[in-house]
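Note that the structure is a prediction, hence the values are computed from the model and not measured. Every heavy atom of this structure was used, including side-chain atoms; hydrogens, water molecules and symmetry mates were not.
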Amino acid sequence: MIALDCRFESAILKTQVEVKVYLPNPGNFMRQVDDYKERYTFQPFKTVFLLHGMMDSARQWVENTNIVRLAQDAGLALVIPSCGNNYYINTVYGAAYSDFISKELTGFVRAMFPLSEKREDNFIWGMSMGGYGALRQAFIHMDRFAKVIAMSPTSDIEFAARFSSAMGVESKYIMGDWKTLKGSELDLMTMAQDAAGTGERVPDILIIMADEDHMVRDTTEFEKKLNELQLKNEFRLYPGDHSWKFWDAHIEECIDWLTDRN
C-alpha cells in the first residue's frame, strides 16, 4: 500500500486534524517500468472510511490488525481519521465531529486522492465507539455508503454515556445529560427507525460481536430492531471479548463481505 500521513487545518473543528490514507499499490516493485507517470495514474478507488474506538486513534487500526495488507489484496483504499473520544457526533461543547466526517473529511480526501464518489464504491466501518459512529453516519447519509460494518458497536448511547464517564471521559461535555439520550437524535434505535421510514435505501449492515463482550446484550437488542424494521443486516456472533485480538481475527471476513467475495 501507498501510505500517507496527512495533517491539515479543519475549518469545522478549528484545529489541526490527522488522517491516515492508504492507496493500493499499482504493481510489483520488481517489475521494470519505463513510464512512471503512467504507472501512477490511478482510476478512482473503492474506499473504506475506518473509525477507531474510545481511547484510540487512527494508528491502532494499523498497528493492531492486518487491515492494510488485506485492503491491498482487495484493491481498497483506506481513510482513517483520528477523532478523540467524541463519538463522531456534533458535541455539546461545539466540536462538530459528525459534520467533519460527512463534509470536510470526505471533501478533503476526494480532492487530494483518486477516490471514487459513487455510493456503491464507498463503505464505512468502525469498532466499539467507531462502530456507533459508522452506523450513525450510515443512517444519516444513506446516499453515500453502500455498506456499513460495526464491530462490537456501542449500540446503546445511554449505556455508552455512563460507561464513558466511569472510564474518565466525561460524557456530559460530549453528548449532554445521559438521561436525555434515549429517543434522541443520538439513539441508534431511533435513527434506524427514522432511516427505515424515509423509504430510501439504507446501507447493508454487518455486525460482528463477541459473546463475552460487555455490550453483547444491547447489540443483540439493536439487531432485533433492525430485523423488525426489515433493514438488511447480518449479525455474526463469535467466541471472544472486546479486544483487538478478536477484531483482527475477523478483518478478512469483513473485507470479503464488503467486496462480495464470500
Side-chain angles (χ1 to χ4, degrees), residues 43-51 71 74-81 87-90 96-110 113-127 129-157 183-209 218-237 250-251 253-262:
Q43 295 299 313
F45 290 113
K46 293 184 177 182
T47 308
V48 179
F49 291 84
L50 282 174
L51 306 184
L76 296 172
L78 303 175
V79 175
I80 322 175
Y87 280 87
Y88 305 95
I89 66 172
N90 292 341
Y97 280 90
S98 179
D99 289 349
F100 167 71
I101 294 292
S102 64
K103 298 177 182 178
E104 193 167 17
L105 177 64
T106 52
F108 172 77
V109 295
R110 287 172 179 167
F113 308 109
L115 306 179
S116 174
E117 297 186 23
K118 296 178 181 178
R119 181 186 191 270
E120 61 266 28
D121 292 340
N122 281 272
F123 317 108
I124 190 162
W125 177 353
M127 42 72 59
M129 179 190 77
Y132 167 84
L135 288 165
R136 189 168 185 274
Q137 285 289 322
F139 289 143
I140 297 173
H141 303 290
M142 292 180 284
D143 59 329
R144 297 190 183 183
F145 303 105
K147 296 182 178 181
V148 53
I149 298 176
M151 304 183 88
S152 308
T154 303
S155 48
D156 184 329
I157 194 62
S184 75
E185 63 176 9
L186 301 181
D187 186 345
L188 285 182
M189 293 276 200
T190 300
M191 297 190 71
Q193 186 164 330
D194 290 346
T198 64
E200 298 180 32
R201 183 182 174 189
V202 179
D204 295 349
I205 299 167
L206 173 63
I207 298 174
I208 301 288
M209 200 71 200
D218 293 335
T219 302
T220 301
E221 289 300 311
F222 175 65
E223 192 261 345
K224 289 180 181 177
K225 181 67 172 181
L226 295 177
N227 289 332
E228 289 175 8
L229 295 170
Q230 298 183 330
L231 296 180
K232 187 176 179 180
N233 76 94
E234 291 186 43
F235 181 81
R236 301 180 185 178
L237 184 66
H250 298 283
I251 296 290
E253 74 172 273
C254 289
I255 288 181
D256 286 346
W257 182 80
L258 287 180
T259 57
D260 298 316
R261 295 191 305 191
N262 56 343

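Taking CZ of Phe222 as the start and CG of Asp187 as the end, the distance is 9.0 Å to the nearest 0.5 Å. Here CZ of Phe145 is found 13.0 Å from CD1 of Ile205. Values are rounded to the nearest 0.5 Å. A distance of 8.5 Å separates CE in Met127 from CE in Met129, rounded to the nearest 0.5 Å. Expressed to the nearest 0.5 Å, how far CG of Leu188 lies from CD1 of Ile157 amounts to 7.0 Å. Ile89 contributes atom CD1, which lies 5.0 Å from atom CG of Leu186 (distance to the nearest 0.5 angstrom). To the nearest 0.5 angstrom, Met151 atom CE is 8.0 Å from Leu206 atom CG.
Remark: Asp156 pairs with Lys182 by the salt bridge (Lys or Arg N to Asp or Glu O under 4.0 Å) rule, at least two apart or across chains. For Lys103, the salt bridge (Lys or Arg N to Asp or Glu O under 4.0 Å) test picks out no residue, with sequence neighbours left out. Residues meeting the salt bridge (Lys or Arg N to Asp or Glu O under 4.0 Å) test with Glu117, sequence neighbours left out: none. In this structure Ala71 satisfies the side chain to side chain contact (heavy atoms under 4.5 Å, CB included) test together with Met1, Leu76, Leu78, sequence neighbours excluded. By the ring pair (Phe, Tyr, Trp, His ring centres under 6.0 Å) test, Phe235 pairs with no residue at all, sequence neighbours left out. Partners of Lys225 under the salt bridge (Lys or Arg N to Asp or Glu O under 4.0 Å) rule, at least two apart in sequence or in another chain, do not exist in this structure.
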Between Thr106 and Arg144, does a side chain to side chain contact (heavy atoms under 4.5 Å, CB included) hold up when you go through it step by step?
CA-CA 10 Å; Thr106 52; Arg144 297 190 183 183; 4.2 Å; yes

Task: Test side chain to side chain contact (heavy atoms under 4.5 Å, CB included) applied to Arg236 and Glu253, step by step - done: CA-CA 11 Å; Arg236 301 180 185 178; Glu253 74 172 273; 2.7 Å; yes

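Between Gln43 and Pro114 the shortest side-chain heavy-atom distance does not fall below 4.5 Å. Leu229 has its side chain out of reach of Val202: every pair of non-hydrogen atoms, C-beta onward, lies at least 4.5 Å apart. Taking the side chain as every heavy atom from C-beta outward, Cys254 and Ile208 approach each other to under 4.5 Å. When side chains are defined from C-beta on, Leu226 counts as touching Ile207, because their heavy atoms get closer than 4.5 Å. Contact annotation: the side chain of Leu258 approaches that of Trp125 to within less than 4.5 Å [non-hydrogen atoms, C-beta and beyond]. At a threshold of 4.5 Å between non-hydrogen side-chain atoms, the residues Val148 and Leu135 count as touching. In this structure the side chain of Lys118 never reaches within 4.5 angstrom of the side chain of Pro44, judged on heavy atoms.
Side chain of Asp143 to backbone of Arg119: no donor-acceptor contact under 3.5 angstrom is found. In this structure a side-chain-to-backbone donor-acceptor pair under 3.5 Å is missing from Tyr132 to Gly126. A donor-acceptor pair is defined here as one N or O able to donate and one able to accept, closer than 3.5 Å; such a pair exists between the side chain of Asn90 and the backbone of Asp99.
Contact detail for Leu105 and Ile101: the closest heavy-atom pair is CB-O, 3.7 Å. Across all their heavy atoms, Ala77 and Leu115 have their closest contact at CB-CD2, 3.6 Å. Between Met142 and Ala195 the shortest heavy-atom distance is SD-CB, 3.7 Å. Arg110 and Phe49 get closest at one heavy-atom pair: NH2-CE1, 4.4 Å. Of all heavy-atom pairs between Ser116 and Thr47, the closest is N-OG1, 4.3 Å. Among all heavy-atom pairs drawn from Pro153 and Thr219, the shortest one is O-OG1, 3.4 Å.
One side chain, Gln137 or Ser98, offers a donor N or O that lies under 3.5 Å from an acceptor on the other.
With respect to Lys147 and Asp204, no salt bridge is recorded, no charged nitrogen being found less than 4.0 Å from a carboxylate O.
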